[in-house]
Amino acid sequence: MKKENALRMLEGIGKDTIIVGVDCGFKQVKLSFEYQGKVNNITFSSNVEEGESDDMFGTFYLNGVAYNTKTNKKLTQTTNKNKDNNYTLVNLYRALFEISKLTGFKVKDFVIGIGSSIDTYRSEKAKELFKKNILKVNKANIKHVWLNENEEEEFINVELRILDAYIQPETLSSIYNVKNFNPQEPNLIVDLGGLNNQVVELQGVAKIDSAVCGDKGFDYLVKQIYKECRAQNIDITLELIEFYINNLETYKDNEKVSVKKRIEIIQDCILNYLQEIKKDMITVTVDIDVYNQVFCGGTVAILKPYILKVFPEAIFPQNLLFANSLGMFIRAKYSYTNLLKELSKSSSKEVVTVE
């Protein structure tokens, strides 16, 4: 990249190029980015599978391949349970498409900070492979039909580009959204996601080698509740359990006997689940009471009142749902702008190639 190109790209951030933090979860895709001086957050369901949708607005074409974004199948039913797969790429471009649409398709170039599990992040080989697979498709032709704000059909065929990708650690990215966070103090960062849970110790540096990376996310909790209901001869579906968990504030005082019993079981299972999370925290460090206990992730946003019952001094990011994507955005913006500044100071000799 020549010096003048670096300067042009630096000036184009937010105009010609948008830096975005993308948290491709197994339940929701969350993205954070800055446009016209304002930080925006967007989320949508991560459900997707190959093939056309019965709903014309649900088919998303990526490089000529149709994907159904209106499927009822969870992402964990259509792909392997890690993020280094084709559906992560599809959801990534769905996210970039939503941002480009917001700009009237004026912005088509992106720099991304995309989250990986701590398990992936602590392996340089796995991290590089993840980045390589993302950048392998750094240009994408997208065709999509949608309803605009006037309920009118719109269609576009557009090419989007990823100029660079920064692999960001989930869980740790959330600390940028914690008010008055002090990384020098003893901290335990607990991330409860849709599929996984992670616990990382941070004091000066993050001890990712001793971090716990488990499968006790939202889906695990739902299955535990289902097992307990069946053990008590109570009929209930997984879908209904999810509904009740997401609407506990509405139903917790319901006087209908059948509903009340189910809510009681759900609440008991949530508290038991959090005791399991506590054991994972103790695995990382025995003296958890002397640590700042920071909780983040989409499941935390749902269970916050119950977390406070088990962990009365728990600390939460200011934006529970988007804490990770906001952190990924901040980290990617810092890294990319610093790169361009360094290149703009150097000679005009080509040192980096961006295609």
Side-chain angles (χ1 to χ4, degrees), residues 17-18 20-36 38-80 83 85-110 112 114-115 134 137-162 193-195 218-219 237-240 242-243 246-247 298 301-302 321-322 324-325 329:
T17 303
I18 284 182
V20 53
V22 186
D23 182 5
C24 286
F26 285 94
K27 290 285 186 183
Q28 297 284 321
V29 177
K30 283 87 67 178
L31 48 148
S32 301
F33 59 97
E34 188 174 9
Y35 181 60
Q36 295 183 338
K38 178 186 176 184
V39 175
N40 300 268
N41 300 307
I42 297 175
T43 184
F44 55 84
S45 171
S46 61
N47 290 6
V48 65
E49 66 175 334
E50 193 168 328
E52 292 188 352
S53 171
D54 294 334
D55 181 344
M56 65 181 292
F57 304 114
T59 304
F60 184 84
Y61 291 92
L62 176 65
N63 290 335
V65 180
Y67 293 93
N68 178 6
T69 64
K70 298 287 187 180
T71 178
N72 289 323
K73 288 184 179 179
K74 295 180 181 179
L75 196 58
T76 49
Q77 294 174 291
T78 55
T79 187
N80 54 314
K83 296 189 177 180
N85 60 66
N86 189 50
Y87 288 113
T88 294
L89 195 64
V90 175
N91 278 333
L92 171 58
Y93 272 105
R94 287 174 67 194
L96 301 185
F97 179 86
E98 289 301 318
I99 300 173
S100 187
K101 184 171 71 174
L102 181 69
T103 71
F105 297 103
K106 293 176 183 176
V107 176
K108 300 176 184 177
D109 290 347
F110 299 89
I112 64 168
I114 186 167
I134 292 293
V137 187
N138 66 334
K139 291 181 184 179
N141 179 265
I142 294 166
K143 292 190 291 184
H144 190 48
V145 180
W146 72 96
L147 282 176
N148 64 23
E149 57 186 15
N150 298 318
E151 297 297 311
E152 299 168 335
E153 290 182 17
E154 289 197 29
F155 168 80
I156 196 166
N157 186 340
V158 64
E159 183 178 89
L160 304 180
R161 295 196 308 166
I162 298 174
L195 181 67
F218 185 85
D219 282 355
T237 64
L238 295 173
E239 291 75 18
L240 189 54
E242 289 195 23
F243 173 80
N246 284 301
N247 296 278
I302 300 168
L321 185 59
F322 292 100
N324 269 313
S325 61
F329 159 70

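All values reported here derive from a predicted model rather than from experimental measurement. In this chain, numbering begins with 1 at the start of the sequence shown.
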**Q** Quick test of your reading: applying salt bridge (Lys or Arg N to Asp or Glu O under 4.0 Å), list the pairs with at least one residue in residues 61-71, sequence neighbours left out, ordered by first then second residue.
**A** none
**Q** So which heavy atom on N246 is nearest to which on I302, and how close?
**A** OD1-CD1, 3.2 Å
**Q** Take L147 and E153, measure what side-chain contact (heavy atoms from CB on, under 4.5 Å) needs, and give me the verdict at the end.
**A** CA-CA 5 Å; L147 282 176; E153 290 182 17; 4.1 Å; yes
**Q** Can you tell me how far the CG atom of N40 sits from the CD1 atom of I18, to the nearest 0.5 Å?
**A** 8.5 Å
**Q** Tell me, please, which residues at least two apart from E239 pass side chain to side chain contact (heavy atoms under 4.5 Å, CB included).
**A** T237
**Q** For K108, give me all partners under salt bridge (charged side-chain N to carboxylate O under 4.0 Å, His left out), at least two apart in sequence or on another chain.
**A** none
**Q** Going by atom types only, do N141 and N157 share a side-chain donor-acceptor pair under 3.5 Å?
**A** yes
**Q** Would the distance check show the side chain of S325 and the main-chain N or O of G21 forming a donor-acceptor pair, the cut-off being under 3.5 Å?
**A** no
**Q** Side chains of E52 and N68: closer than 4.5 Å at any heavy-atom pair?
**A** no
**Q** Tell me if a side-chain donor or acceptor on Y87 pairs with a main-chain N or O of E50 at a distance below 3.5 Å.
**A** yes
**Q** Who passes side chain to side chain contact (heavy atoms under 4.5 Å, CB included) against L238, sequence neighbours left out?
**A** V222, Y226
**Q** Taking atom CG of L160 and atom CD1 of I142, what is their separation to the nearest 0.5 Å?
**A** 4.0 Å
**Q** Heavy atoms only: give me the nearest V137-I162 pair and the separation to one decimal.
**A** O-CD1, 4.5 Å
**Q** Might you point out which heavy atoms bring Y93 and N138 nearest each other, and give the distance in Å?
**A** OH-C, 3.3 Å
**Q** Any sub-3.5 Å donor-acceptor pair from T69's side-chain atoms to G58's backbone N or O?
**A** yes
**Q** Would you say T71's side chain and V48's backbone share a donor-acceptor pair under 3.5 angstrom?
**A** no
**Q** So, H144 side chain and Y61 main chain: donor-acceptor pair closer than 3.5 Å or not?
**A** no
**Q** Residues two or more places apart in sequence or in another chain: which of them pass side-chain hydrogen bond (donor to acceptor under 3.5 Å, both in side chains) with S100?
**A** none
**Q** My understanding is that only residues two or more places apart in sequence, or in another chain, count here; which of them pass side-chain hydrogen bond (donor to acceptor under 3.5 Å, both in side chains) with K101?
**A** E98
**Q** For D109, give me all partners under salt bridge (charged side-chain N to carboxylate O under 4.0 Å, His left out), at least two apart in sequence or on another chain.
**A** R161
**Q** Rounded to the nearest 0.5 Å, what separation is found between the CG atom of D54 and the OG1 atom of T59?
**A** 8.5 Å
**Q** Got D219 and F26 here, is their nearest side-chain heavy-atom distance under 4.5 Å?
**A** no
**Q** Looking at residues at least two apart in the chain, or sitting in another chain, which of them share a side chain to side chain contact (heavy atoms under 4.5 Å, CB included) with T43?
**A** Q28, K30, L321, F322
**Q** State which residues pass side-chain hydrogen bond (donor to acceptor under 3.5 Å, both in side chains) with N148; sequence neighbours excluded, sorted by chain then number.
**A** E152, E154
**Q** Looking only at heavy atoms, what is the nearest atom pair of F110 and V20, with distance?
**A** CD2-CG1, 4.5 Å
**Q** Identify the residue among I112, L31, V29 that makes a side chain to side chain contact (heavy atoms under 4.5 Å, CB included) with L92.
**A** I112
**Q** Applying ring pair (Phe, Tyr, Trp, His ring centres under 6.0 Å), can you list everything that pairs with F105, at least two apart in sequence or on another chain?
**A** F97, W146
**Q** Kindly write out the residues that satisfy side-chain hydrogen bond (donor to acceptor under 3.5 Å, both in side chains) with Y67, not counting sequence neighbours, or none if the list is empty.
**A** N86
**Q** Hey, mind stepping through F33 and V22 against side-chain contact (heavy atoms from CB on, under 4.5 Å) and telling me if it holds?
**A** CA-CA 9 Å; F33 59 97; V22 186; over 6 Å; no
**Q** Test of understanding: with side chain to side chain contact (heavy atoms under 4.5 Å, CB included), list the residues that count as partners of F243, not counting sequence neighbours.
**A** L240, N247, Y251
